[in-house]
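Worth saying up front: this structure is predicted, and the values here are computed from it rather than measured. One is the number of the first residue; the rest follow in order along the sequence.
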Amino acid sequence: MTITRRDLLRLIGAGTATAALPGAFSSIAQAAGAQAAGVPAAGNDPRPVLRIAVQALPASLEPLETISNIGLRQTTCLFDSPLRRDFKAEAATPGTAKIDPQLATAVTRIDDLTWRMTLRPGVTLHDGSTLSAADVAATFAPGRIGPDTPWPEVRILFGHLAEVRTVDALTVDLVTRNPDPVMPQRLAAYGAWIVGAKAMAAGGPETMRTAPVGAGPYKLAEFVRDTRLVLNSHDDYWMGRPAAREVHIEVVPEAATRIAGLISGEYDIVTNLLPDQMPQLDGYDDVEAVAVPLDLVHMLFYDTRRPAVADARIRQALNYAIDYDALGRAVWGERFSRPNGLQTPAFGPLYDADRRHFPFDPARAKALLAEAGYGGTPVRMRLISGYYVGAEAAGQIIQAMWAQIGVPLELEFVESMKQALEPGADVRMISAAFRFPDPLGGGVVPAWGPDSAVQKRGFWSSDRFNAAIAELRAAQETADRRRIFQHLLDLFDEEAPGVVLYGVNEVYGKRRPVNWTHYPLYYLDLRPDNLSFA
C-alpha cells in the first residue's frame with residue numbers, strides 16, 4: 001500500500017496548516033532584527049535573552065511528576081543530576097553509552113548492594129546553599145523516591161532503593177534491595193535530579209511544584225501555568241556562567257504561529273514542528289529547521305479486556321496489517337525510522353540487529369483473523385488531538401490499512417490524556433522513551449512492566465512477562481541479561497499488547513546565531529557547553 005505526502009495532506013486536510021507563510025513575514029523579520037538571538041539585552045548585562053516557543057507547559061515544576069515531553073525541558077534547566085550522559089560522544093560512536101560526572105565526581109560500587117556517591121565540592125544551589133549529602137538525602141527520601149513514592153514512573157526507576165546513608169558532608173551511599181548493574185545510568189537519567197534540602201524543609205513537597213530549588217544552570221523567576229515560564233541565569237553555576245541572561249519559554253499552541261514568531265524574530269527556538277513545515281524555513285538566511293531522531297517511539301497499545309481485541313491472534317493480525325514503511329514516510333517523510341522492536345543500538349551487547357518486529361504481512365493478518373474466528377466487529381481507536389505529532393494522520397492511515405483486511409476502525413479524538421485513558425476504546429497511542437540505554441530504563445520495563453500505566457490500569461497484564469522482568473533485574477552477567485531480554489521481546493510479540501509504529505523525530509526551528517544541540521531526548525540543555533551565540 002503506497003501513501004504519498006500528498007495523500008497524507010488530503011487525508012488530514014492540512015493544506016492550510018502547512019501552507020507557506022505570507023511574504024510579509026520577510027519584511028517583519030528584517031524590521032525585528034534587534035530581537036534576534038545574540039543581540040545583547042538592555043541593561044548592564046551584555047548577555048541576550050533566549051526566547052523559546054513551545055506547544056505546552058506542565059502544570060507543575062516538581063520534576064518527578066512532570067516526566068513527559070513537555071516537562072523535561074524546564075527540568076533540565078532547573079536541576080542537575082549526580083551523573084550526566086554525554087550525548088555528543090554517543091552520537092559520534094553509535095551503539096555506546098557514555099556517562100560523565102555532574103554533581104557527583106564519582107559513583108563507585110563498594111559491594112553488591114551499595115553504590116557510593118562522592119559529591120562535587122563548592123556547588124551553589126539556587127537559594128545560595130552549598131550542595132551536600134543533605135540534598136541527596138532529601139532527593140532520595142523514601143516518600144519522594146523509592147518504593148513509597150506517589151509517582152509510578154519514579155517507582156519504576158528507583159523503587160528498588162532500600163536506604164540512603166550519609167557517610168559525611170560530601171559522601172552518600174545508595175543501598176538497593178537487589179544488585180543493580182545499571183545504577184550509574186539511572187543516576188544520569190530521569191528522576192535523579194537533585195533538589196535543595198533547605199527549600200524542601202522550609203516549604204515541604206509543594207515547594208518543588210511552584211518554587212523549585214536545584215543546582216541547574218537556570219533558576220525560576222516566574223511561572224504562569226499554561227502561559228509562560230521565565231528563568232534567570234544561575235550566575236554561580238558550577239560549570240560557569242550560562243550564555244543567556246534569561247530564558248523565556250512561552251506557550252504557543254499552534255505550530256504555524258510558532259513558525260511565524262521565529263521568522264519575525266520574536267522567538268529564537270520553536271519546538272514540535274511537523275516535517276511538512278520544514279520547507280517553510282528554507283528560504284530564510286537567518287533561521288533553519290532541524291530534525292533530530294529521538295530515543296522515543298510511538299506505539300499502539302490494546303485494551304485486552306475488550307472483546308474486540310481480547311484474542312492475541314487478532315492483535316497480532318492488526319499489527320501485521322500495518323505497512324510501517326508507508327505509514328512512517330507519510331507521517332515523517334524520508335527521515336522516518338522504525339526500530340526493530342523495543343530496543344535501541346545503545347543497548348550494546350543486549351541489542352539484536354536481526355530481530356524483526358511485526359513486518360507488514362497482510363496475508364498472515366487475514367489468516368490469523370480467520371483462525372481467531374473474527375466476525376467483523378469494529379475496533380475503536382482513541383487519540384489525543386494535538387498531543388503526539390502526526391497521531392491524527394497516523395490514525396486515519398491505519399484505518400485505511402485495517403480496512404484492507406476487513407477490520408473496520410472507528411476513530412475517536414479527545415482533548416487530554418485523562419480522557420484518552422477512560423474506558424470505551426480498544427486501542428490507543430502511547431510513547432515509549434529509552435530513558436537510559438538499558439531495557440530496565442528504556443522502552444520495555446517503564447512502558448510495559450508491572451509498574452507501567454498499561455499494566456497498573458489493567459489494559460494488559462502478563463505473569464510470564466513480569467517474571468522475565470524480575471529475572472532480568474536479578475541478572476548480572478551480560479550474556480544472561482541478553483538472553484532474558486531477547487526472551488522478553490519474544491513474549492511481547494507473542495502476546496501483542498501493542499506494536500511499535502515508528503521512531504519519533506523532534507523537528508524544531510531556530511535562529512542561526514543560536515548554537516545549540518537538541519539531544520535525542522526532550523531535554524532543553526542550556527548549559528555553557530551546549531549553548532552559545534554567534
Side-chain angles (χ1 to χ4, degrees), residues 58-60 62 64-71 145-160 190-191 296-312 314-316 318-319 342 377 379-388 391 394-395 398 409-435 439-470 473 488 491-501:
S60 165
E62 162 59 70
L64 300 185
E65 63 185 14
T66 57
I67 298 178
S68 67
N69 59 340
I70 62 172
I145 288 184
D148 300 326
T149 180
W151 300 293
E153 175 85 14
V154 183
R155 192 159 54 246
I156 293 169
L157 299 170
F158 288 100
H160 65 318
Y190 296 10
L296 180 80
V297 295
H298 283 174
M299 309 183 68
L300 298 181
F301 74 95
Y302 300 101
D303 186 344
T304 61
R305 302 165 298 187
R306 301 267 296 176
V309 292
D311 192 317
I314 292 177
R315 301 194 297 270
Q316 291 174 1
L318 296 176
N319 293 349
L342 283 167
T377 303
V379 173
R380 175 174 289 269
M381 178 185 290
R382 184 178 293 158
L383 299 168
I384 309 172
S385 297
Y387 188 78
Y388 293 120
I398 293 170
L409 176 62
E410 300 172 351
L411 295 176
E412 176 187 354
F413 296 95
V414 296
E415 299 301 321
S416 68
M417 181 63 72
K418 180 180 179 181
Q419 293 174 331
L421 295 176
E422 290 175 352
D426 302 301
V427 58
R428 299 166 175 84
M429 184 173 283
I430 191 175
S431 66
F434 295 100
R435 294 157 176 79
L440 294 181
V444 180
V445 176
W448 298 95
D451 287 317
S452 67
V454 171
Q455 289 211 42
K456 284 294 188 182
R457 291 178 176 270
F459 295 114
W460 168 73
S461 64
S462 170
D463 291 339
R464 295 189 303 161
F465 192 80
N466 293 342
I469 287 178
R473 284 174 170 152
L488 268 171
L491 290 175
F492 186 86
D493 287 354
E494 178 184 336
E495 299 198 19
V499 66
V500 176
L501 296 177

Sub-4.5 Å side-chain heavy-atom contact between V379 and I314
no
For the atom pair OH (Y388) and CG (L383), what is the distance rounded to the nearest 0.5 Å?
10.0 Å
So which heavy atom on S431 is nearest to which on L296, and how close?
CB-CD1, 3.9 Å
R155 side chain vs D451 backbone, donor-acceptor pair below 3.5 Å
no
Correct closest heavy-atom pair for P446 and P439 would be CD-O, 4.1 Å
Roughly how far apart are I67 CD1 and L157 CG, rounded to 0.5 Å?
6.0 Å
Ignoring hydrogens and angles, tell me if any N or O in the side chain of R428 forms a donor-acceptor pair with the backbone of A420 under 3.5 Å.
yes
Heavy-atom nearest pair, L491 first then A468, reads CD1-CB, 4.2 Å
Would you check if there is a donor-acceptor pair between the side chains of W460 and E495 at a distance under 3.5 Å?
yes
Scanning both residues in full, the closest heavy-atom pair of A447 with A432 reads CB-CB, 3.9 Å
Main chain of G498, side chain of N319: is a donor-acceptor contact present, judged purely on distance under 3.5 Å?
yes
Looking at T304, L318, T377, which one forms a side chain to side chain contact (heavy atoms under 4.5 Å, CB included) with V309?
L318
Quick check on the 6.0 Å ring-centre criterion: do F492 and W448 meet it?
yes
Which distance, rounded to the nearest 0.5 Å, do you find between the NZ of K456 and the OG of S461?
11.5 Å
Heavy-atom donor-acceptor pair, R315 side chain to A496 backbone, under 3.5 Å:
yes
Flag side-chain contact, heavy atom, 4.5 Å: P450 against I469:
yes
Distance in Å, R305 CZ paired with D426 CG, rounded so as to fall on 0.5 Å steps
11.0 Å
Quick check against the 3.5 Å criterion: does Q316 have a side-chain atom that pairs as donor or acceptor with the backbone of E494?
yes
From L501 CG over to M429 CE, what is the distance, rounded to the nearest 0.5 angstrom?
5.0 Å
Under the side-chain contact (heavy atoms from CB on, under 4.5 Å) rule, what do I156 and Y190 come out as? Steps first, then yes or no, please.
CA-CA 11 Å; I156 293 169; Y190 296 10; over 6 Å; no
Rounded at 0.5 Å granularity, tell me how far CH2 in W151 sits from CD in E62.
4.0 Å
Tell me, with the steps shown, if I398 and L300 meet side-chain contact (heavy atoms from CB on, under 4.5 Å).
CA-CA 11 Å; I398 293 170; L300 298 181; 4.1 Å; yes
Taking every non-hydrogen atom, the tightest pair across S462 and Q455
N-OE1, 3.9 Å
Considering all heavy atoms, the nearest L421-F459 contact
O-CZ, 3.8 Å
Name the residue from E422, E412, Q419 that meets the side chain to side chain donor-acceptor pair (under 3.5 Å) definition with R382.
E412
